[in-house]
Amino acid sequence: MFGRIKQGRQSLKGVRKMNNKKKLLLIDGNSVAFRAFFALHQSLERFVNHSGLHTNAIYGFNTMLDNIIEKTAPTHALVAFDAGKQTFRTAKFSDYKGGRSKTPTELSEQLPYLQKLLTAYGMKSYELKEYEADDIIGTLAKRAEEDGFEVVIVTGDRDLTQLATPKTTVAVTQKGVSEVENYTPEHVLEKYGITPAQIVDMKGLVGDSSDNYPGVAKVGEKTALKLLKQFGSLEALYENLDQLKPSKMKEHLEEDRETAFLCKDLARIRQNAPVSLELAELAWAGENDEQLTSFYEEMDFKSFLRKRAAKNPAEQPERSIKKFAYTVLDEQTITKSNFQAQQGISFYLEMSGANYHQAPLVGFVLVLGAQYFVSRDCKLLQHPKLRQLLADPKVKVDLFDGKRTFVGLARLGINLTAIDFDLLLVSYLLNTSENSNDLGKLAQLHGYEDVRSDEEIYGKGAKYQIPTDDKIFFGHLCSKAHAITTLKAPLLLKLKENQQEELYLKMERPLSLVLGAMELAGIKVDQARLEQMGSEFKERIKEVELEIYNEAGEEFNLNSPKQLGVILFEKLKLPVIKKTKTGYSTAVGVLEQLRGMAPIVDNILKYRQIAKIQSTYVEGLLKYISPKDSKVHTRYTQTLTATGRLSSVDPNLQNIPIRLPEGKKIRQVFVPRKAGWEIFSSDYSQIELRVLAHISHDENMQTAFKAGADIHANTAMQIFGLDAPTQVTPNMRRQAKAVNFGIVYGISDYGLAQNIGITRKQAKAFIERYFEIFPGVHEYMKRIVEQAHAKGYVETLFKRRRYLPDIKSKNYNLRSFSERTAMNTPIQGSAADIIKVAMINMQKMLQQEKLQAVMLLQVHDELIFEAPDDEIERLEKLVPQVMDQAVSLEVPLKVESSHGSTWFDTK
DNA sequence: CGTATCACG
DNA sequence: ACGTACGTGATACGG
């Protein structure tokens, strides 16, 4: 035994092969190429090589291939293709696959190169006259199984799941191609409730619109599955048709009997096709490095080239990215050097960690003209010469993430004021859905390849480490600075093309410094009070916990939905209302329906509520209180959300509890920085509906806002056809409010029904009534979806853009989601624009008026300040004025203010 | 590291 | 026939 291990060390590969089972990889070539093509269709024009060839399908195919090889490590492989239009299926049914639009030339031109790729991979491909790729795959899968192989099939076509067996897995590509869903017989059963063998019975009943065979009229997946569960097969169903009660469905079944059997036959993948290949011929020895590298060069696949280079250390030095001649700074060189900037400079400040309020400053690069200066010692930046350079309002700085740099420099006592180009911000504005904050990754998205991602250089998780090798570290910093310089002109041009210059110059760029200042200011937390609240909550948690264990008759982990599910639904036999992917749902909605059936339910709800407050807001917040100033300094993420909103992290101060009294108490610990100061808060009232009234130009809704009406009551009055606001009951107002919210979210009858607990029919009626009353809103919803279709994106009032690539998807879910997003984003996004403008103006105003008041927080429609008592009166006039006048809409904006000794005491 | 849950607008 | 409200972040499990 020990001998074998020794042997294994000498020839690990050989031993592995002997121990491992034979594994055959079968790829449905046409289907995967097709999927790859459409998955990357959005970026079709970005995937063009130097000779003008489209390469997106090849690229996608390659991605899939790499992933599947890594995951499955096959010993044998084959890629099967369809041979042509004529097959035995068209002979049986002439319209088979009829009505298919012909393959786009952008795809068909890629197919010969796909063959080249496969050759470089050392993989055989095969096609067979009269048969489709499916049949080749089915046949070989069967033969391989009989020969003791394990088989993995990759395809974009769900029909192939009929081939799943205990030894054959069918991997169906997901929306992209890099991810797959693995169909084992168990998974098929779980998903459809039938066996793989029954898939063909289902296809017989349902038909297939893409292959253009009809099945039985009016029978869809749901009905088919029900019938199959009852009868088992198409044959059995028809033998026992008389068991069915007379119905339309039965008539259809009778009428379409022949079609059903024909369709089943068409759907059945042949496993005895005359495939003239021996399994031994499919043995896969791995890719041909040289061929593959030259193929990638031909295709301009830089990322795959890099990946190969990384795998082959021998090639590494030649393939390493651009080298920089840099000067390492120290006191002496600084004294000697001339830092007079002719034009602007580029600057990058590196920190070890994401939280720039505390992360160690580990290095910087400063670019003047063609000179690169670097150092690990960031204190050098405090040298008068460098400090003056960075703080000089006339020296424009190009950088990546101005806010982060601003805060980092502030920690060194340096005030950065003049930012010109912020790569992170511009990149975000160009596409709000690309929200990576890694310079390397973003640069690559914009086609600049000569910079690595931080993850590549520094590693991640436990392995994260700033390299000790100067060449690597400084080289990386220089390449980042170079990426900023190189991308400046092209990205600013794109910004201009999109008419987003003003959005950048007047809104996001100044805002980044306003946010930086707010973060630096921080908000003070009364730690003693928070700790005291913590011990009170702890005691209550203990009490409730004991009661729950009593009622359950045992102790268990209350925080585990899994264990809780077992107690509630198995031990106590409460009815199962909803299931999740992994088991029983125990979410609030579910528990609320179980209320009254067992006292344990109320206690669980209570426990959840308090445990949440304790873990997230007491213990969570305590971790962030700075011992230096007793404050918490959140970070606002300015380049994350697809709509243009901010988000807040470490800690998140945008979701401090307010709805329930126990949670709201947390707000008592947020206090002003000094005695004799107060917390002051102003919020926009119904800003999103006002924005909707503006962009839809709906007269009725505008009238309501102009009259200063209670908008939800007004809506209720009109929906329910009442004459006076006094007739509106609280319940009517509640329902109308939900409808208003639903409208803002891009309404669906299902969503509304679920939200207010009415039937879908009732919800639908509500919506229809709503659109009658507010025809302008209806028009807007139609218009914006059309526009998203035509242009591929939607815009906010200030031209913030969100692309919606799925708006044309054939997948109902994806398409519907995009449609709702198209309706919602201009509303939510414009509201976000407006408060951003207000923040910039407010910060200016505070300075101008020489107020001591400090802007501390933004919570989407609310601004929170702290100020000396004697400034409160002025703020009460000033803040609403500035917020009101941030923009001029067709309806007035409304701002409400309040103040008090803690955040709790505002409103 | 993905999932469930729950906090906010 | 399908299966959805829009946008976020933190915490706790459990593989």
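Just so it is clear: chains get the letters A, B, ... in the order the sequence lines come, proteins before strands, and each one is counted from 1.
- Nearest to the side chain of A:Asp749, among C:dG14, C:dT4, C:dG9, sits C:dT4.
- Salt bridge A:Lys606/A:Glu662: present, at least one basic N to carboxylate O contact under 4.0 Å.
- Counting non-hydrogen atoms under 4.0 angstrom, A:Val588 reaches the backbone sugars and phosphates but no base.
- Nearest approach of A:Val887 to A:Leu893, heavy atoms of both residues: CG2-CD1, 4.1 Å.
- OP1 or OP2 of C:dA10 has not a single side-chain nitrogen or oxygen of A:Ser615 nearer than 4.0 Å.
- Among A:Leu234, A:Asp201, A:Thr223, A:Ile199, the one residue that satisfies the side chain to side chain contact (heavy atoms under 4.5 Å, CB included) test with A:Leu228 is A:Asp201.
- Closest to the side chain of A:Thr821, out of B:dA7, B:dA4, C:dC6, is C:dC6.
- Using a 4.0 Å heavy-atom distance criterion, A:Gly742 is classed as a base contact.
- Evaluation of atom-type donor-acceptor distances gives no pair under 3.5 Å for the side chain of A:Gln654 against the base of B:dC8.
- A distance-only check finds no donor-acceptor pair linking the side chain of A:Arg595 to the backbone of A:Asp602 [under 3.5 Å].
- The residue A:Phe817 sits close only to the backbone: its heavy atoms come under 4.0 Å of sugar-phosphate atoms, none of a base.
- Comparing atom distances between the A:Tyr745 side chain and each of B:dA4, C:dA10, C:dC6 picks out C:dC6 as nearest.
- Taking side-chain N and O atoms only, A:Arg608 has a distance below 4.0 Å to OP1 or OP2 of B:dC6.
- When ring centroids are compared, A:Tyr549 and A:Phe556 come within the 6.0 Å threshold.
- Contacts of A:Ala738 with the nucleic acid, taken as non-hydrogen atoms under 4.0 Å apart, include base atoms.
- Residue A:Asn755 places its side chain closer to C:dA5 than to any other of C:dG14, C:dG9, C:dA5.
- Taking 4.0 angstrom as the limit, A:Gln858 places none of its side-chain polar atoms (N or O) nearer than this to OP1 or OP2 of B:dG9.
- Nearest nucleotide to the A:Pro657 side chain, out of B:dA4, B:dC8, C:dC6: B:dC8.
- Residue A:Thr616 is classed as a sugar-phosphate contact, given heavy-atom separations below 4.0 Å to backbone atoms only.
- One can place CD1 of A:Ile827 at 13 Å from C1' of C:dA5, the figure rounded to the nearest angstrom.
- The side chain of A:Ser560 lies closest to C:dG14 when the candidates are C:dG9, B:dA4, C:dG14.
- Here A:Asn652 lies in heavy-atom contact (under 4.0 Å) with sugar-phosphate atoms only.
- Here the P atom of nucleotide C:dG9 and the CG atom of A:Asp650 are 10 Å apart, to the nearest Å.
- Distances from the side chain of A:Lys460 to the nucleotides B:dC8, C:dA10, B:dC1 place B:dC1 closest.
- Residue-to-nucleotide contacts include a donor-acceptor pair under 3.5 Å from the side chain of A:Lys612 to the base of B:dC6.
- Residue-to-nucleotide proximity on DNA chain C shows that, of A:Asn435 and A:Ile743, the 5′-proximal contact is made by A:Ile743.
- A:Asp806 places its CG atom 14 Å from the C1' atom of C:dT4, with the value rounded to the nearest Å.
- Across all strands shown, A:Ile658 has heavy atoms under 4.0 Å from sugar-phosphate atoms exclusively, and none from any base.
- As the counterpart of B:dT3, C:dA12 is assigned, both hydrogen-bonding distances of the Watson-Crick or G-U wobble pattern falling under 3.5 Å.
- Between A:Arg760 and C:dT4 there is no side-chain N or O to OP1 or OP2 distance below 4.0 Å.
- For the OP1/OP2 pair of C:dA1 and a distance below 4.0 Å, the side-chain nitrogens and oxygens of A:Thr223 include at least one atom meeting the criterion.
- Between A:Ser748 and C:dA5 there is no side-chain polar atom (N or O) within less than 4.0 angstrom of OP1 or OP2.
- Between the CG atom of A:Asn811 and the P atom of C:dA1 there is a distance of 18 Å, given to the nearest Å.
- Between A:Arg608 and A:Glu592 there is no salt bridge, since none of the side-chain N atoms of the basic residue sits less than 4.0 Å from a carboxylate O of the acidic one.
- Contact annotation: A:Lys623 reaches the phosphate of C:dT11 (side-chain N/O to OP1 or OP2, under 4.0 Å).
- Note that CG of A:Leu594 is 7.0 Å distant from CG of A:Leu568, once rounded to the nearest 0.5 Å.
- Between A:Asn557 and C:dC13 there is a side-chain polar atom (N or O) within less than 4.0 angstrom of OP1 or OP2.
- At the phosphate of B:dG9, OP1 or OP2 sits under 4.0 Å from a side-chain N or O atom of A:Arg659.
- A:Gln563 comes within 4.0 angstrom of the backbone, heavy atoms only, and of no base.
- In the set B:dG9, C:dG9, C:dC6, C:dC6 carries the atom at the smallest distance from any side-chain atom of A:Asn824.
- Distances from the side chain of A:Thr582 to the nucleotides C:dT8, C:dA5, B:dA4 place B:dA4 closest.
- Salt-bridge formation is detected for the pair A:Lys836/A:Glu508: a Lys NZ or Arg NE/NH1/NH2 atom is positioned less than 4.0 Å from an Asp or Glu carboxylate oxygen.
- Heavy atoms of A:Ile613 sit nowhere under 4.0 angstrom from any nucleic acid atom.
- Distances shorter than 4.0 Å separate some side-chain N or O of A:Ser585 from OP1 or OP2 on B:dT5.
- Contact annotation for A:Ala642: backbone-only contact, meaning every heavy-atom pair under 4.0 Å involves sugar-phosphate atoms and none involves a base.
- Across all strands, A:Val649 comes closer than 4.0 Å only to sugar-phosphate atoms, never to a base (heavy-atom distances).
- Side-chain nitrogen and oxygen atoms of A:Arg820 include at least one within less than 4.0 Å of the OP1 or OP2 phosphate oxygen of C:dC6.
- Atom NZ of A:Lys226 is surrounded by 12 or fewer heavy atoms from other residues, nucleotides or ligands within 6.0 Å.
- With rounding to whole Å, A:Glu662 atom CD is found 12 Å from B:dC8 atom P.
- The separation of B:dA7 from C:dC2, taken at their C1' atoms, amounts to 32 Å, rounded to a whole angstrom.
- Pairing of C:dA1, defined by two Watson-Crick or G-U wobble distances under 3.5 Å, is not identified with any nucleotide.
- Along DNA chain C, the nucleotide closest to A:Asn559 and the one closest to A:Leu225 are compared, and the more 5′ of them pairs with A:Leu225.
- Nucleotides B:dG2 and C:dA5 place their C1' atoms 24 Å apart, quoted to the nearest Å.
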